[in-house]
Number of protein chains: 2
Amino acid sequence: MSDIVYSSFNTTLSHIADVSDRESLDTVMKELAAGYGLNSAAYFGIRLSGRSNNDPFLAVTYSSEWVEHYKERRFVEIDPVIQSGFRRLLPLDWDGFVRTEERVKTLFGEAAEFGLGRKGLSIPVHGRHGDRGLFSISCDRADRDWAHDKLLYLRDFQVLATHLHDKVLRLEGHSSLERHLSARELECLQWIAEGKTAWECATILGLSQHTVRCYLESTRHKLNASSNTHAVSIAHRAGLLLPPL
Amino acid sequence: MSDIVYSSFNTTLSHIADVSDRESLDTVMKELAAGYGLNSAAYFGIRLSGRSNNDPFLAVTYSSEWVEHYKERRFVEIDPVIQSGFRRLLPLDWDGFVRTEERVKTLFGEAAEFGLGRKGLSIPVHGRHGDRGLFSISCDRADRDWAHDKLLYLRDFQVLATHLHDKVLRLEGHSSLERHLSARELECLQWIAEGKTAWECATILGLSQHTVRCYLESTRHKLNASSNTHAVSIAHRAGLLLPPL
DNA sequence: TGAATATCCGGCCGATCAGCGGGGTTTACA
DNA sequence: TGTAAACCCCGCTGATCGGCCGGATATTCA
């Protein structure tokens with residue numbers, strides 16, 4: 001298995017690098033699933049752009065029927081892959097889920113009917129700006145093989161997941177906000193976020209108190225915020241307020 | 001090489017899992033470096049706790065002389081590993097650095113004198129709460145081997161780096177803030193962060209405007225914030241203000 | 001050449017915040 | 001059984017914010 005995996009790794013990695021649009025990404029996902037002998041591969045990204053309300057990004061090899069069914073039944077609300085996947089740092093083995101709850105059992109039962117494997121892995125990716133990705137694969141393996149194969153999968157997929165997320169970010173995301181705020185506006189916002197008052201901010205930057213307020217006002221407008229506090233919150237999500245180190 | 005790597009991978013992974021204190025972590029780093037035939041291995045973590053000013057965390061196999069020298073010369077200010085490593089998502093090949101600047105050339109020159117390898121990789125890890133880790137290795141390889149070996153290294157180290165970061169987080173970090181804020185305090189803070197006024201917040205939560213202010217006041221005290229805006233900023237860094245999905 | 005944008009500064013006024021004081025009940029834990 | 005902490009409410013005051021009006025120059029870009 002090791003060799004197959006290695007060649008798949010290389011080719012998939014370069015294929016991801018070559019992706020330039022939504023469609024070729026779907027193709028890559030299919031090739032990835034095929035190359036690794038998987039039942040399914042899925043990438044799910046949230047909060048990719050700086051905006052507050054933002055549609056999730058989906059690139060999956062699931063049948064459209066399963067996707068539809070999943071949405072209809074609103075499985076997202078209880079899907080442990082989603083619920084814990086985005087909340088942790090380390091990869092997730094689907095075997096680890098407690099399947100006592102009725103809806104969760106239903107979910108995994110029906111998933112198998114729609115062709116998903118009984119074994120699964122989910123790898124969270126955390127971006128720098130609150131953006132998150134979740135790369136999940138499923139396959140059918142015997143219990144005794146799974147422990148070994150899982151490790152092989154893990155190290156390939158951790159890398160692939162990161163590259164996937166990075167690629168999706170480049171395709172879909174971001175940047176929209178960062179350019180908008182002028183240097184002064186950002187400076188003021190940063191100091192306000194540090195708990196300074198407008199007066200202190202003015203002193204620090206060598207401006208008049210009024211000028212600082214004007215910058216904050218235009219910042220609020222640009223970020224669509226109803227208060228400085230709101231603006232700081234939005235800016236934080238957009239990753240504008242990260243200290244130099 | 002593939003086999004060596006694989007066995008190192010397994011053992012290192014379980015060793016990391018077993019780490020329970022600072023000292024055993026240093027040991028693991030040394031074993032890791034030895035197991036993979038590296039000149040050095042280093043983990044560097046920042047913003048591990050929710051607090052605003054927080055010392056970086058260091059676990060390295062470098063000689064203490066090099067660490068001292070590095071600090072004295074204040075290389076951190078110009079070290080491209082640090083400067084770009086924390087700002088990106090994907091791993092970093094040290095070959096990619098522009099070494100035109102004088103101090104950068106000095107840095108890499110002196111690093112080699114202190115036993116670091118000429119080839120190097122740095123893998124950023126992004127946590128969920130603004131915490132970041134940077135796992136770097138160096139080794140001596142011929143250019144022609146490097147491209148191949150790098151890939152092998154990458155997929156192992158991406159996993160190891162994540163596990164390392166997770167372990168350090170558990171050892172050092174966090175949690176301190178999250179417990180402190182009561183449910184009400186957090187609710188109020190969240191709505192304030194969404195741009196609501198205290199009055200709106202009170203209406204939403206079915207409280208008196210005054211009660212909301214009291215919660216915000218105690219929140220500010222607990223977070224050591226000088227304004228609601230400041231509190232939101234701190235809470236954001238601590239990861240308290242992440243929306244449910 | 002004009003339009004847009006970034007950079008600055010002023011005044012005004014009502015709404016809101018920040019900080020201080022006081023009071024109480026309920027729940028959990030030692 | 002006390003005690004701590006969460007939960008809830010009220011008063012007061014001065015400082016600050018938020019929004020609105022006005023003005024100016026410099027640079028960038030189509």
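Letters A, B, ... are given to chains in the order of the sequence lines, protein chains preceding strands, and every chain is numbered from 1. Fair warning: this is a prediction, and the values are worked out from it, not measured in the lab.
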Quick one: is [X] getting a side-chain N or O under 4.0 Å of the [N] phosphate, OP1 or OP2?
| X | N | answer |
| --- | --- | --- |
| B/Asn228 | C/dA18 | yes |
| A/Lys222 | C/dT5 | no |
| A/Arg213 | D/dG19 | no |
| B/Ser208 | D/dC8 | no |

Could you state the [atom1]-[atom2] distance from [X] to [N], rounded to the nearest angstrom?
| X | N | atom1 | atom2 | result |
| --- | --- | --- | --- | --- |
| A/Glu217 | C/dT5 | CD | P | 16 Å |
| B/Gln209 | D/dG11 | CD | P | 11 Å |
| A/Leu207 | C/dG10 | CG | P | 11 Å |
| B/His221 | C/dC17 | NE2 | P | 17 Å |
| A/His230 | D/dC17 | NE2 | P | 18 Å |
| A/Glu200 | C/dA18 | CD | P | 13 Å |
| A/Ile192 | D/dG18 | CD1 | C1' | 12 Å |
| A/Leu205 | C/dT7 | CG | P | 11 Å |

* Structure fact -> Comparing nearest nucleotides in DNA chain C, the 5'-proximal residue of the pair A/His210, A/Tyr215 is A/Tyr215
* Between B/Thr27 and B/Ser24: side-chain donor-acceptor atoms closer than 3.5 Å ->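 No, no side-chain donor-acceptor contact under 3.5 Å.
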* To do: Answer yes if the side chains of B/Ser138 and B/Trp94 hold a donor-acceptor pair under 3.5 Å, and no otherwise.
  => no
Side chain of [X] only, please: which of [options] is the nearest?
| X | options | value |
| --- | --- | --- |
| A/Ala198 | D/dC17, D/dC7, D/dG18 | D/dC17 |
| B/Ala183 | D/dC7, C/dA18, D/dC8 | D/dC7 |
| B/Arg184 | D/dC8, C/dC20, C/dA18 | D/dC8 |

* Is any side-chain heavy atom of B/His15 less than 4.5 Å from a side-chain heavy atom of B/Val19? ->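 B/His15 vs B/Val19: side chains apart.
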* B/Val104 versus B/Pro80: any side-chain heavy-atom pair under 4.5 Å? ->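 When only atoms from C-beta onward are counted, B/Pro80 and B/Val104 do touch, with a gap below 4.5 Å.
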Base, sugar-phosphate or nothing for [X]? Non-hydrogen atoms, less than 4.0 Å.
| X | answer |
| --- | --- |
| B/Thr197 | sugar-phosphate |
| A/Arg220 | sugar-phosphate |
| A/Leu216 | nothing |
| A/Ser218 | nothing |

* Asked: Passes side chain to side chain donor-acceptor pair (under 3.5 Å), B/Glu185 versus B/Ser182? Steps please.
  -> CA-CA 5 Å; B/Glu185 287 164 342; B/Ser182 75; 3.3 Å; yes
